[in-house]
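All values below come from the heavy atoms of this structure, side chains included, with hydrogens, waters and symmetry mates left out.
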Amino acid sequence: MEEVRSSSAWVATHSSHVVVDSTGIEKVVENIKDSIPKVEWDYEGIHYFDNGPLTVQYLFVLDALNFCFWPDKDLNYDHLASGLKAALQNDKSAFDADRLQKYTGSQLRELLKWPRPLPLEDERVRLLHEVGLELERNFGGKASNLVELSGKSAVKLVSLVTRHFPGFRDHSVYKGHQVFLYKRAQIFAADIWGAFKGQGYGEFNDIGAITMFADYVVPAVLQQLGVLKYSSSLASKIETNGEIGSGTEEEVELRACSVYAVEKMRELIGIKSGKQVLSVELDLWLWSVGVQSALQHHRTLSIYY
């Protein structure tokens, strides 16, 4: 995760389109430092949970598919999480490794009870196949074995996931520098930690190493809070729903500057209040604010978020 932090900081200091405003960070931290809003994992009640290995399998499938909802104006994360939950409640073998390798686009739609093609549907099917094949080949078909191999280290879990599952290798090249973001790999570790409340499969001795999860929603919240400031050309693209290409300077800056800004917020909260807050907790709060506010966000076709 040090690569995520250091490469994001490099982007923030060389950014052309997005500025991290230290005054904005000061104001937000001043408002929340004594009572950081606590948001419970699964506060919406949309996730499957049985306190066992099947929950881990569910979360890994969920996070393999957790990207790019915006081309379908009606589709959102809740549909994915609750749709997969219902599928598993209906058939406990729905996410067995051998079955994951065989799903077609229409079968995935049927699983989610979605009436039309999903955004990037072929990519979603490809990633399901990848997850099923690699789980069967190296982890006895079970994501819980993958988690157990991490030895209670969230960092090791992210490393294992990105090493074995190419679809989770979320990085870009920016102005000649490699930038690592690993949104879905990190959120898998955070989901396990949140679902199991830091116990059992969710016990990680280094959960504080995980950064925020660079997506569509959090940059929009940070901009509204005055933490991020955009160039006029970038602001115009977002306001007019213009597509921002995956891997472009603007897109990498939006994500990397969000990581950097949340790290700065976390550090400042520690200094001002003496309390240690996790980037995961800040992300969950920011994300919940964004989802409830329905803010306009940047639009990028990407399998990474």
Side-chain angles (χ1 to χ4, degrees), residues 1 4-5 7-8 11-12 17-18 20 39 41-44 46-47 59 62-73 75-81 118-120 123-124 127 158 161-162 167-172 174 179-191 194 210-225 227-228 230 234 237-238 241 243-248 250-263 265-266 278-305:
M1 296 308 90
V4 177
R5 285 183 171 80
S7 63
S8 293
V11 173
H17 308 277
V18 181
V20 179
V39 179
W41 188 88
D42 196 35
Y43 65 93
E44 321 97 321
I46 57 175
H47 296 95
L59 290 171
L62 171 66
D63 289 325
L65 300 175
N66 180 11
F67 57 86
C68 207
F69 302 101
W70 67 263
D72 188 322
K73 63 182 176 57
L75 183 68
N76 59 42
Y77 173 79
D78 288 14
H79 292 120
L80 179 65
L118 295 154
L120 299 180
E123 287 294 283
R124 286 185 156 90
L127 292 169
V158 171
V161 169
T162 53
F168 284 84
R169 291 176 196 158
D170 173 13
H171 44 86
S172 304
Y174 173 83
V179 180
F180 303 90
L181 294 162
Y182 295 147
K183 187 261 183 180
R184 289 194 291 107
Q186 289 199 83
I187 212 169
F188 174 56
D191 279 344
I210 298 292
T211 71
M212 61 77 70
F213 318 118
D215 65 357
Y216 300 106
V217 175
V218 175
V221 177
L222 291 172
Q223 195 243 356
Q224 186 191 50
L225 291 172
V227 169
L228 296 184
Y230 300 162
L234 175 56
K237 271 188 196 174
I238 294 171
N241 290 330
E243 190 177 327
I244 295 169
S246 180
T248 59
E250 290 168 318
E251 190 250 357
V252 175
E253 287 176 16
L254 281 162
R255 300 182 72 207
C257 288
S258 297
V259 172
Y260 179 74
V262 171
E263 287 304 300
M265 286 168 65
R266 183 181 61 78
L278 301 174
S279 297
V280 175
E281 293 170 321
L282 285 173
D283 180 277
L284 194 53
W285 166 60
L286 291 164
W287 191 81
S288 67
V289 168
V291 168
Q292 290 159 28
S293 310
L295 296 172
Q296 196 157 19
H297 58 69
H298 74 279
R299 292 171 180 261
T300 297
L301 285 170
S302 169
I303 68 165
Y304 296 121
Y305 64 104

What's the separation between atom [atom1] in [X] and atom [atom2] in [Y], rounded to the nearest 0.5 Å?
X: Q223; Y: L234; atom1: CD; atom2: CG; value: 8.5 Å
X: W287; Y: Q292; atom1: CH2; atom2: CD; value: 9.5 Å
X: I187; Y: D63; atom1: CD1; atom2: CG; value: 6.0 Å
X: Q186; Y: T211; atom1: CD; atom2: OG1; value: 3.5 Å

I need the minimum non-hydrogen distance between [X] and [Y], along with the two atoms involved.
X: F213; Y: A190; answer: CZ-CB, 3.3 Å
X: S293; Y: V289; answer: OG-O, 2.6 Å
X: L127; Y: A64; answer: CD1-O, 3.7 Å

Checking [X] now: which residues fulfil ring-ring contact (aromatic ring centres under 6.0 Å, His included) with it, not counting sequence neighbours?
X: H79; answer: W114
X: F168; answer: F60
X: F69; answer: none

- Task: Let me see the working for L222 and V262 under side chain to side chain contact (heavy atoms under 4.5 Å, CB included), right down to the final yes or no.
- Result: CA-CA 9 Å; L222 291 172; V262 171; 4.2 Å; yes

For [X], all residues meeting side-chain hydrogen bond (donor to acceptor under 3.5 Å, both in side chains), sequence neighbours excluded:
X: R5; answer: E263
X: W41; answer: D191
X: E243; answer: none

So [Y] and [X], do their side chains get closer than 4.5 Å, heavy atoms only?
X: C257; Y: Y230; answer: no
X: V221; Y: L295; answer: yes
X: S302; Y: Y304; answer: yes
X: D215; Y: K183; answer: yes
X: L225; Y: L286; answer: yes
X: N241; Y: R299; answer: yes
X: I210; Y: L278; answer: no

- Message: With a 3.5 Å distance limit and no angle check, can you tell me whether R255 reaches the backbone of A214 through a side-chain donor-acceptor pair?
- Response: yes

- Query: When you measure from the side chain of E251 to the backbone N and O of I244, does any donor-acceptor pair fall under 3.5 Å?
  - Reply: no

- Only one of T300, N66, L181, V218 clears side chain to side chain contact (heavy atoms under 4.5 Å, CB included) with Y305; which? T300

- Message: Let's go through L62 and F188 carefully: what are the C-alpha distance in whole Å and the side-chain angles of both, what is the deciding distance for side chain to side chain contact (heavy atoms under 4.5 Å, CB included) to 0.1 Å, and is it a yes or a no?
- Response: CA-CA 9 Å; L62 171 66; F188 174 56; over 6 Å; no

- Parallel, tilted or perpendicular: which fits the ring planes of H47 and Y77, with parallel below 30° and perpendicular above 60°? tilted

- Task: Would you check, one step at a time, whether the test side chain to side chain contact (heavy atoms under 4.5 Å, CB included) holds for V11 with V259?
- Result: CA-CA 10 Å; V11 173; V259 172; over 6 Å; no

- Item | Evaluation steps, side chain to side chain contact (heavy atoms under 4.5 Å, CB included), between C68 and L301 | CA-CA 6 Å; C68 207; L301 285 170; 3.7 Å; yes

- Message: Taking the six-membered ring for Trp, are Y216 and H298 closer than 6.0 Å centroid to centroid?
- Response: yes

